[in-house]
Student: 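Can you read through this structure? Questions will come right after.
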There are 2 protein chains.
Amino acid sequence: MVAAAAGVSASTVSRVYSHPHLLRADTVERVRKVADDLGYVPHFTARALITGRLSTIGVVVPDIANPFFPPVIRAVQARAGEVGVGTLLGDTDEDPVKEESVLLALQQRTDGVVLVSSRMPEPRIQKMAAGHPLVLVNRDVEGVDRVLIETTLGMRQAVEHLARLGHRRIAYLGGPESSWSNGERAAAVSDCAGRLGIEVISLGPHRPEHEEGRRAAAAVLTAGVTGVLAFDDVLAQGLLAGLVEAGARVPADVSLVGCDDILAVRTVPPLSTVHGPSMEAGRLAVELLLAKIEGQATDPQAVRVPAPFLDRATTGPAPG
Amino acid sequence: MVAAAAGVSASTVSRVYSHPHLLRADTVERVRKVADDLGYVPHFTARALITGRLSTIGVVVPDIANPFFPPVIRAVQARAGEVGVGTLLGDTDEDPVKEESVLLALQQRTDGVVLVSSRMPEPRIQKMAAGHPLVLVNRDVEGVDRVLIETTLGMRQAVEHLARLGHRRIAYLGGPESSWSNGERAAAVSDCAGRLGIEVISLGPHRPEHEEGRRAAAAVLTAGVTGVLAFDDVLAQGLLAGLVEAGARVPADVSLVGCDDILAVRTVPPLSTVHGPSMEAGRLAVELLLAKIEGQATDPQAVRVPAPFLDRATTGPAPG
DNA sequence: TTGTAGGCGTTATCAA
DNA sequence: TTGATAACGCCTACAA
């Protein structure tokens, strides 16, 4: 044991690692040296047992493979890492039932969790939030801390942009029904178009996957619209491929807008989209969560970050 | 306390959750019911302290946002979850120094870690493996358990395919220098081309990012090659975009092969590539790791999984 | 089949 | 500034 080798008590060794300022500098140094020589590091679990702090948070997402999530996971992990907090990962496979069990499992081994794009019904979320610190991202539940990327802003701007370009009949290519973001975006498109006297066809729902978007090309073409707003970039990219295959030109024949800006300029032509600060959202969520864990009990709040429209190359004047 | 409420001792409650078969069935049932009513769940940390098992593993990758990694992370997390093991995530930002500190931090809070595409020098890896169960993915270090995706197989097949199509001068668009996979792939291309009497131009190194690939188009065109094998799909997709921008047709003017098959058919035209079972690799790594944690001390082994060439639409006859 | 006692490695409290 | 002691909540002998 280190204490014996350094000729001090166990409490002193403990203090070297938790409150070194309470000790004489030379004592700290001496114990540190002995400990290093012996390869000693404080036992993580024993410390957690007595302090009641795991120094670990969870982050759960519907699907790690969906390119929207890795940047927010990365931001969460980076911010948590800065303060010595580990990040446990949960993937729910887009399944609300699995989501609940994943959440339950994580609650036991974390001090709190960041729940991104939850697919669970609202009452369940409230229940989970009651027992354990919880911060939502992209899900708006009263009484629960949350960070919301306001893509409705960008969606409205996109509709206005299409209106200026002369489009009179457009489509919204819907995402998952249980997605809060999808509801927000659909409503924004519908409201804004209504005010501008533009007709909106609603397509979907669709899982946010490339193939789904590709297959939706037929429905888009038969709907006779000149512009499409997709739930996200993945669907938009798929639709783009499907459209090109079907012989339609983008944006000459149909204009296309994605959402989330996860493809950057990887598309040909570069995709017009709505850009949300997803990494900042992840960071903010951790901030809220850490404050909550520290017991700084403020009223649950909604932090909103704006996501503006980004015009690249898939929108153009309405044909004809 | 549950024990009191159920009229049994604490050890009996403990046994209900760890060795229920040692108890009478009705005792188990009765205690369980009381526990559930009280919302009791065994304290994770206290259990970990005495058993010495965290029931948590780590998975560390160079960059979560690189689309190659999410599927393997997902597979790791899924397999671990099946046996009640949590997954801590580490992102090293492609930095060997950060990688080491991340690894050190994870060792304290996990029973073992899966290290994917390590960028650390070999001796460091061996040292880390000595102190704590470690399984490598896509890094071949003697004396350390590892799962290797054999893209060399597919790379050779790709070169042979190009040879059959009449290509006599090709390029290899290199990835990160510290990447084992990059070394393997470069060597495979060079060897195979040498045997077939094909000339190989070596380009790079490049970070595996879209923009890098795009910018490499100029070098590819001035090199006067008719075929390119890229380190990975990300670089290949970028190069494809750059080539198209520069007015070159793929595959009419230049044939293109990616690696890893992370883009599936999301590219126009669909990218010919080398398909490796990355999810299976993740699963296998967990299998090895769990066995090691259980103390089933076998000799460190290398598990190799083959990655064959997948011909899609970006390869064609050499021009002229 | 169940209970009793001891201890896992740390930190908080109190005393010196 | 440092040490002694008692927990933290559980699991594992050993005893009954």
Student: Would you find a donor on one side and an acceptor on the other, under 3.5 Å apart, between the side chain of S11(B) and the backbone of S9(B)?
Tutor: no
Student: Could I get the full list of ring pair (Phe, Tyr, Trp, His ring centres under 6.0 Å) partners for Y40(B), not counting sequence neighbours?
Tutor: Y17(B)
Student: Can you sort out which residues in residues 14-24 of chain B have a heavy atom within less than 4.0 Å of DNA chain D? Ascending by number, please.
Tutor: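 Hits under 4.0 Å, by residue number: S14(B), R15(B), H19(B).
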Student: Is a donor on one side and an acceptor on the other found under 3.5 Å between the side chain of S101(A) and the backbone of K98(A)?
Tutor: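 Here the side-chain-to-backbone pair exists.
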Student: Using the test side-chain contact (heavy atoms from CB on, under 4.5 Å), find all partners of Q107(A) that sit at least two apart in sequence or belong to another chain.
Tutor: L104(A), M128(A), H132(A)
Student: If I compare all heavy atoms of I57(A) with all of A80(A), which pair ends up nearest, and what's the gap?
Tutor: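 Looks like CD1-CB, 3.9 Å.
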Student: At 4.0 Å (heavy atoms only), tell me whether V13(B) reaches a base, stays on the sugar-phosphate, or touches nothing.
Tutor: nothing
Student: Backbone N or O of N182(B) within a donor-acceptor pair of the S179(B) side chain at under 3.5 Å?
Tutor: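 Indeed, once roles are kept as given, a pair shorter than 3.5 Å links the two residues.
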Student: Establish, from distance only, whether the side-chain atoms of E184(A) and T151(A) form a donor-acceptor pair under 3.5 Å.
Tutor: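 The answer is no; no qualifying pair exists.
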Student: When you measure from the side chain of E99(A) to the backbone N and O of R119(A), does any donor-acceptor pair fall under 3.5 Å?
Tutor: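 Yes, the answer is positive, given that a donor and an acceptor are paired below the 3.5 Å cut-off.
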Student: If you write DNA chain C from 5' to 3' in dot-bracket form, with Watson-Crick or G-U pairs under 3.5 Å, [ ] for crossing pairs and | for pairs with another strand, what do you get?
Tutor: ||||||||||||||||
Student: What range of DNA chain C does chain A touch, first nucleotide to last, counting atoms under 4.0 Å from its heavy atoms?
Tutor: dG9(C) to dT13(C)
Student: With V137(B), which of L284(B), L288(B), V116(B) fulfils side chain to side chain contact (heavy atoms under 4.5 Å, CB included)?
Tutor: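 Only one of L284(B), L288(B), V116(B) forms a side chain to side chain contact (heavy atoms under 4.5 Å, CB included) with V137(B), namely V116(B).
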Student: Please list, by residue number, the residues of residues 26-55 of chain A whose heavy atoms come closer than 4.0 Å to an atom of DNA chain D; answer none if no residue qualifies.
Tutor: T27(A), L49(A), I50(A)
Student: Would the distance check show the side chain of R146(B) and the main-chain N or O of V144(B) forming a donor-acceptor pair, the cut-off being under 3.5 Å?
Tutor: yes
Student: Among L289(B), V114(B), L134(B), V135(B), which one satisfies side chain to side chain contact (heavy atoms under 4.5 Å, CB included) with D145(B)?
Tutor: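 For D145(B), the side chain to side chain contact (heavy atoms under 4.5 Å, CB included) check succeeds only for V135(B).
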Student: Checking the side chain of S18(A) only, and the main-chain atoms of S14(A) only, is there a donor and an acceptor separated by less than 3.5 Å?
Tutor: yes
